[in-house]
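Quick notes on the structure that follows.
Note that the structure is a prediction, hence the values are computed from the model and not measured. A note on names: the letters A, B, ... follow the listed sequences, proteins ahead of strands, and every chain is numbered from 1.
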Number of protein chains: 2
Amino acid sequence: MTDYAAPLADMRFALTEIAGIDEIARLPGCEQASPDVVDAVLEEAGKLAGGVLAPLNRIGDRQASRLENGVVRTPDGFKDAYAKYVEGGWNALPFAPEHGGQGLPFVLATAVFEMWNSANMGFALCPLLNVGAVEALHAHGTGEQKRLYLPKLVSGEWTGTMNLTEPQAGSDVGALRTRAVREGDRYRITGQKIFITYGDHDMAENIVHLVLARLPEAPPGTRGISLFLVPKFVVDTDGSLGQRNDVRCVSLEHKLGIHASPTCVLAYGDNGGAVGFLIGDENRGMECMFTMMNNARLNVGLQGVAIAERAYQQARDFARQRVQSRPVTATSAGTYPIIHHPDVRRMLLSMRAQTEAMRALAYYTAGAIDRTRHHPDGEVRAAQQRRVDLLIPVVKAWSTDLGVEIASVGMQVHGGMGFIEATGAAQHLRDARIAPIYEGTNGIQANDLVGRKLLRDGGMAAQELLAEMRALDAVLAAQPGDHIAAIRRPLLSGVDALALATQWMVEQSASALPNALAGAVPYLTLMGAVTGGWLMARAASAAQQHLARGDGDRAFHQAKLLTARFYAEHVLATAPSLLPAVAGGSTVMAFDLERF
Amino acid sequence: MTDYAAPLADMRFALTEIAGIDEIARLPGCEQASPDVVDAVLEEAGKLAGGVLAPLNRIGDRQASRLENGVVRTPDGFKDAYAKYVEGGWNALPFAPEHGGQGLPFVLATAVFEMWNSANMGFALCPLLNVGAVEALHAHGTGEQKRLYLPKLVSGEWTGTMNLTEPQAGSDVGALRTRAVREGDRYRITGQKIFITYGDHDMAENIVHLVLARLPEAPPGTRGISLFLVPKFVVDTDGSLGQRNDVRCVSLEHKLGIHASPTCVLAYGDNGGAVGFLIGDENRGMECMFTMMNNARLNVGLQGVAIAERAYQQARDFARQRVQSRPVTATSAGTYPIIHHPDVRRMLLSMRAQTEAMRALAYYTAGAIDRTRHHPDGEVRAAQQRRVDLLIPVVKAWSTDLGVEIASVGMQVHGGMGFIEATGAAQHLRDARIAPIYEGTNGIQANDLVGRKLLRDGGMAAQELLAEMRALDAVLAAQPGDHIAAIRRPLLSGVDALALATQWMVEQSASALPNALAGAVPYLTLMGAVTGGWLMARAASAAQQHLARGDGDRAFHQAKLLTARFYAEHVLATAPSLLPAVAGGSTVMAFDLERF
């Protein structure tokens, strides 16, 4: 009932036509990503996702990870599935070869990551957090730290965590109180961390915690925070596991969703202090954290895509089976499944079109990350970095907001059965709901987009993007067909609206910053809708070219034209109407706080 | 943490300025609803809701109703709370005096019903279903049936249920198979019903099931369905309880939300057939069901309002307590709660403004129902009936869609704490999610709006409404102030868009019906947003008049101007952008079913 099959055709299309994986495969260091290898990776990942991880999704939700005698037990089957995942070399996919990684492009890893998250979001969170730990160590660890920890973290034999949050320090990381005291070449860590994803579990023999803490004489706020590596089992210089460290999971949160993923309260130093090792310099912990944050945010945005895809597949399968009421389209006697009802078709197409748009944006951004890493031309790398910095908060917030919305539509397709937990549709909504919250709430993403990304460079990165969007119209104008024609006007209107909104934001004086920030979320939504619309228009254009040439999968390309047109009519067309909200912050700020 | 205080000021405002309760109180049969009585009812209902029902909301969610040895047990405290509710005479509030009702206007009962649902939606479902049973009996029961059952159902000593759904017959009621065989003056009922809300429980001494079933020779489909009264305990002619009837709860559904409300599978006739009594004529059961459906749909729409209000209050209280990050608006040193952050203020105002708009629409429609019942002028009654028929699907679908969205925003205000079940914010989202599904899915509401309400009278009822909306502009034009001015343009644009969309819908030929129905949900959303905007503009106009006269609560009226302006900028302004989706059904229908 809750099968998952990786949408390989659309993934290949997005990789090729939107992210430009063929071009990326010609960059130095990416040569392995030949079309054959890409195909094989996608096929095999699809098998693991559909055959092993997806069937555990409901079990994970029902059983949840549990704390038993101080040890976290994952749901039945998770340990075996994780072993298969590690044995298959999947964890090593996105990492550099020097520590055992496969050195495949990030954009390919992104497609594969989408599959893990569609199949089993509660499972996929373990590798997701691990990526952050690897990247922080890779960028800031000492040679010895890399030698001792990276190979095992890259292979997945050990897993990594990120320890930021404390009860009084959530979004406000600078308020944290966990203490670190130097003791020779190491530190003693004491304090309590909350919301630690996979902070303990039974799938790996060691867990490497990356912990933000404060030295005794550190300055207040974020400038007094240092990053420490605190292994569950202290690692000897020969790599073998030594003593159990003084860090314990003291409780698990009872959450709305992602039940399989243990969300731990970790106590450090109840018995004298956990042994920790400094990563980077003292008091520079925030920089280390920022290193990994961009990619983690992309991966969380990808969870929005992934859960939307899963919800779509389940709703579609239900709509094909469930017989109920005679549709107005019925042409003969007999029974019809509900997929024949016009509004069910609208719901499914809405889920599908937006999922394709989100996928396009996520892969596009991942491809840009590959270019920032591998392109030989420094100017190209810099331009791509500006694009990535601009789009990361959009990928994160826009995709996760839509992920919730689409999972909710998926429930609606099920009617009354959707509200029954055994159906599985409700789980997708519950799981999806965390993504707009963690890794920086979507409000924080919007503040980042407006307050840092836009105002920092006076809107330059946004102007570059807008110019590229506008240039597409000349291409579309030269192409035939009603669908392309129907897309052009909403695209131009959307781009105009985004340009206006950007200019308005950039022109706000410092004193008007609160008003600007009160419009930041509508602005981000506008940018997401328009950028998604631009990429869907590019997709339509590519599909039209294939149709004109008569190559490729004709039915796929015709369907793509229709999803792009649907997106233009149902989503892109609404984007300009966000302008009053973008510029309406003064109404928000005028409302008396006492009157709420 | 999850306190609820009835929003008495806004309720009174909506009753007075939007629904016109003073005018209603002058109608024959409504004279009891003097201002003093209205105030007293609201005050006392607020106490029961806030003091008794609201504290049980979390308990109900955690414990859920459970089936033990064939008997359904409600969560701790529910039985006592229900007894208080009955003792206070609350159940009798909306019903006619002839059977023990209080004969107060429906619009006042609507406000009170909002409170029960805000306080504890899982509890409030029991009275909600009971209303339907009372109305069906009142309209179609024999004198003897009314004498035996109505007084106890009106008082609430007994409760009523509605039994429509079977596994193969959900939205498609005509597919039901439960059988009824005549046996003298009664019938024997055999079959299985699912999704029966409060189908069994321990709060009342008897339960009166209204059951749709099919006679042996009945025509197929909806024309062969009859309605039967099947009491849990058969009632003797003197009103005393006799034998236990042959109906049993065989299982409870495990649902996403409304855990306190037992959703029963009921087995009729496992031991020879349950005793049932025909209501109305044989094979006319659907008409009887339709009698109660309009008001039940309004009450479900009201659940959207109610859960939005509860989510708003909880998010606001959290935002006032939670200290996190220094806001850009900070003017001095020290800590600030997150309500100072511009985006948190935007979220709260968005919740509040839309909740006020939904409340206005629900009360407005309820007031129109009072006029259909009590107005001495037959033409007025007919015109009000057209208005009610048009707006009921909008109240149901628009308010419940927004209820889900607003509960989700409420979680978002909480950040990471919102995802933890103990916080209580997630429960509101889980509870809210059923309302777009039951009592006719929102897709069915939209089909009803377009396919029946609009096309049946060629758009006449919609034209009457549009004309009234347009007439408001002259009033607004004569009023001073930036806020009123800022509302006028989006209102006119919204009304124009709704007029265009209505004309487009009405002009669709029969062959284009699938295209029209594929745009029905966007059309309904458009009508909800514009009608809500019109009523918020009326609210702003009334507030402005009070301010000009210097009477009433100045701060309340100033706040109302701002919520109305916010609504115009953030919601009403987006309404016209739905036009391409309304008219875009051909894109939906062009997508090949095989390609989904």
Are B/I420 and A/F195 side-chain neighbours, meaning at least one heavy-atom pair lies under 4.5 Å? yes

Given the rule in the side-chain contact (heavy atoms from CB on, under 4.5 Å) test, do B/R433 and A/M411 qualify, once you have shown the distances and angles that lead to the verdict? CA-CA 9 Å; B/R433 192 59 192 79; A/M411 271 190 68; 3.6 Å; yes

If only atom types and distance count, is the side chain of A/R346 paired as donor or acceptor with the main-chain N or O of B/A520 below 3.5 Å? no

For the interface with chain B, which of A/R430, A/R595, A/K255 has the highest count of heavy-atom pairs at distances below 4.5 Å? A/R595

If you count heavy-atom pairs under 4.5 Å between each of A/T441, A/V521, A/L513 and chain B, which one has the most? A/V521

Hey, what do you get for CZ (A/F591) to CG (B/L561), rounding to the nearest 0.5 Å? 11.0 Å

To the nearest 0.5 Å, what is the distance between CZ (A/R565) and OG (B/S586)? 5.5 Å

Tell me, for B/V582 versus chain A, whether the close heavy atoms (under 4.5 Å) come from the side chain, the backbone, both or neither. neither

Does the side chain of A/L593 reach to within under 4.5 Å of the side chain of B/I339, using non-hydrogen atoms? yes

Measure distances from A/M417 to the heavy atoms of chain B and classify the residue's part below 4.5 Å as side chain, backbone, both or neither. both

Heaviest contributor of heavy-atom pairs below 4.5 Å to chain B, chosen from A/M347, A/Q412, A/M589, A/Q558, is A/Q412

Give, as side chain, backbone, both or neither, the part of A/S408 having an atom under 4.5 angstrom from any heavy atom of chain B. both

If I measure from the heavy atoms of chain A, does B/R345 come under 4.5 Å with its side chain, its backbone, both, or neither? both

Rounded distance [0.5 Å steps], CZ in B/F596 versus CZ in A/R316: 10.0 Å

Please flag which part of A/R352 lies under 4.5 Å from any non-hydrogen atom of chain B: side chain, backbone, both or neither. side chain

Given A/G443, A/P514, A/A426, the one with more heavy-atom pairs under 4.5 angstrom with chain B than any other is A/P514

Could you tell me whether a side-chain N or O of B/Q324 sits under 3.5 Å from a main-chain N or O of A/S171, the two making a donor and an acceptor? yes

Within a radius of less than 6.0 Å around CG of B/D482, do more than 12 heavy atoms belonging to other residues, nucleotides or ligands occur? no

Identify which part of B/L429 has an atom lying under 4.5 Å from any heavy atom of chain A, answering side chain, backbone, both or neither. side chain

Residue from A/A555, A/A516, A/G584 scoring the most non-hydrogen pairs under 4.5 Å with chain B is A/A555

Is it the side chain or the backbone of A/N442 that comes within 4.5 Å of chain B heavy atoms, both, or neither? both

Most contacts with chain A, counted as non-hydrogen pairs under 4.5 angstrom, among B/I437, B/D343, B/V571: B/I437

Looking at A/A518, A/G418, A/S577, A/P490, which has the largest count of heavy-atom pairs under 4.5 Å with chain B? A/S577

With a 4.5 Å cut-off on side-chain heavy atoms, are B/L256 and A/Q427 touching? no

What part of B/Y312 lies closer than 4.5 angstrom to a heavy atom of chain A: side chain, backbone, both or neither? side chain

What part of B/P167 gets closer than 4.5 Å to chain A, counting heavy atoms only: side chain, backbone, both or neither? backbone

Give a yes or no on this: more than 12 heavy atoms of other residues, nucleotides or ligands lie within 6.0 Å of atom CZ of A/R489. no

A/F419 vs B/I258 side-chain heavy atoms within contact, under 4.5 Å: yes

Need one label for A/Q313: side chain, backbone, both or neither, based on atoms under 4.5 Å from any heavy atom in chain B. neither

